[in-house]
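Residues take their numbers from the sequence shown, with the count starting at 1. Both backbone and side-chain heavy atoms feed into the values below; hydrogens, waters and symmetry mates do not.
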Amino acid sequence: MKNNIKKAVRHVSKNHVLAVSIGFVYVWFGALKFFPNTSPAKELAKNTIHSLTFGVLPDEVSILLLATLEVLIGALLMLNVLKRQAIALAIGHIIFTFTPLIFFPLESFKAAPLVPTLLGQYIGKNVIILGALITLARMHMPLSSENIEHKS
């Protein structure tokens with residue numbers, strides 16, 4: 001019994017459950033943006049990208065690019081392909097998901113900064129994803145000083 005549990009844990013570790021679960025969320029939420037009236041974050045994403053790009057990028061183009069990026073990140077994480085690049089893209093992306101808290105505080109908070117709206121909660125959950133991505137980054141992109149310590 002203990003051997004089976006150890007084998008299962010090793011198998012799960014090899015399959016990178018954390019990366020797969022983050023990837024699943026990216027694919028799911030990203031794919032919703034391809035279809036009308038399916039993503040609760042689509043309008044917020046359009047407005048945020050519009051603000052970040054000063055309106056240079058048309059809204060429909062920006063949402064298609066965002067959806068594609070999110071699905072790509074998710075697929076790479078789930079398939080364990082180009083993991084370092086996927087993690088770096090995901091960290092960059094997830095940091096930008098916090099910008100609506102600054103650009104649209106009235107939509108993000110009932111009473112700033114401690115009482116978020118449902119939209120604010122939707123954004124706030126990304127703190128967990130960011131923490132998980134940083135954990136993955138440390139696993140797959142160790143700092144140079146960590147490499148030196150392990151080689152000693």
Side-chain angles (χ1 to χ4, degrees), residues 5 8-146:
I5 292 171
V9 168
R10 276 195 297 271
H11 180 71
V12 166
S13 296
K14 286 180 184 175
N15 288 319
H16 308 288
V17 161
L18 187 57
V20 170
S21 63
I22 295 169
F24 176 77
V25 169
Y26 262 96
V27 168
W28 181 12
F29 288 10
L32 289 175
K33 290 177 182 75
F34 285 117
F35 304 100
N37 305 316
T38 56
S39 172
K42 190 173 183 175
E43 286 305 310
L44 178 67
K46 280 184 189 178
N47 294 338
T48 302
I49 295 169
H50 187 87
S51 293
L52 286 170
T53 63
F54 303 102
V56 172
L57 202 57
D59 291 346
E60 291 308 315
V61 171
S62 70
I63 205 67
L64 286 174
L65 290 173
L66 177 62
T68 302
L69 174 68
E70 290 176 352
V71 170
L72 175 67
I73 288 169
L76 292 174
L77 289 171
M78 290 172 66
L79 296 171
N80 200 25
V81 178
L82 300 172
K83 193 132 211 197
R84 289 179 181 198
Q85 293 85 347
I87 292 167
L89 278 172
I91 288 173
H93 167 268
I94 212 78
I95 288 169
F96 277 106
T97 66
F98 295 106
T99 56
L101 300 175
I102 298 163
F103 290 158
F104 311 111
L106 297 177
E107 294 178 37
S108 303
F109 298 103
K110 290 180 186 176
L114 298 176
V115 184
T117 61
L118 188 57
L119 188 60
Q121 291 176 39
Y122 186 86
I123 296 166
K125 61 101 175 86
N126 290 342
V127 170
I128 295 167
I129 295 174
L130 180 60
L133 287 167
I134 290 168
T135 299
L136 286 175
R138 289 184 52 93
M139 289 169 50
H140 297 283
M141 298 181 263
L143 301 173
S144 58
S145 62
E146 290 176 348

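Nearest heavy-atom pair across H16 and N80 is CD2-ND2, 3.8 Å. Heavy atoms only, all atoms of each residue included: G23 and L77 are closest at CA-CB, 4.0 Å. Here the shortest heavy-atom pairing between P100 and F96 reads CD-O, 3.9 Å. Heavy atoms only, all atoms of each residue included: I91 and A137 are closest at CD1-CB, 4.1 Å. Looking at every heavy atom in both residues, I49 comes nearest to S62 through CG2-CB, 3.4 Å.
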### Query
side chain to side chain contact (heavy atoms under 4.5 Å, CB included) between V71 and F34: does it pass, once the steps are laid out?
CA-CA 10 Å; V71 170; F34 285 117; 3.9 Å; yes
### Task
In sequence, state the C-alpha distance, the side-chain angles, and the governing distance for S108 and I123, and then conclude on side chain to side chain contact (heavy atoms under 4.5 Å, CB included).
CA-CA 8 Å; S108 303; I123 296 166; 4.3 Å; yes
### Query
Step by step, would you call N47 with F103 a side chain to side chain contact (heavy atoms under 4.5 Å, CB included)?
CA-CA 9 Å; N47 294 338; F103 290 158; over 6 Å; no
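Every residue two or more places apart in sequence or in another chain that forms a salt bridge (charged side-chain N to carboxylate O under 4.0 Å, His left out) with K33 is listed here: E70.
Residues Y26 and I94 are in side-chain contact: their nearest non-hydrogen atoms beyond the backbone lie under 4.5 Å apart. Between H93 and L66 there is a side-chain heavy-atom pair separated by less than 4.5 Å. Within the 4.5 Å cutoff, side-chain heavy atoms of L57 are placed close to those of L65. Residues L136 and M139 are in side-chain contact: their nearest non-hydrogen atoms beyond the backbone lie under 4.5 Å apart.
In this structure, CD in E107 is found 8.0 Å from OG1 in T117, a value given to the nearest 0.5 Å. With rounding to the nearest 0.5 Å, the separation of CD1 in I73 from CG in L69 is 4.0 Å. Note: F104 CZ to F109 CZ = 13.5 Å, rounded to the nearest 0.5 Å. If you take CD on E43 and OG1 on T48, they are separated by 10.5 Å, rounding to the nearest 0.5 Å. Note that the OG1 atom of T68 and the CD1 atom of I63 stand 10.0 Å from one another [nearest 0.5 Å]. Here the CZ atom belonging to F98 is positioned 5.5 Å from the CG atom belonging to L130, to the nearest 0.5 angstrom.
Under a cut-off of 6.0 angstrom, the local environment of NZ in K125 is crowded, with over 12 non-hydrogen atoms contributed by other residues, nucleotides or ligands.
Looking at T38, its side chain does come within 3.5 Å of a backbone N or O of L32 through a donor-acceptor pair.
For residues 126-136, the side-chain hydrogen bond (donor to acceptor under 3.5 Å, both in side chains) pairs, not counting sequence neighbours, are T97-N126.
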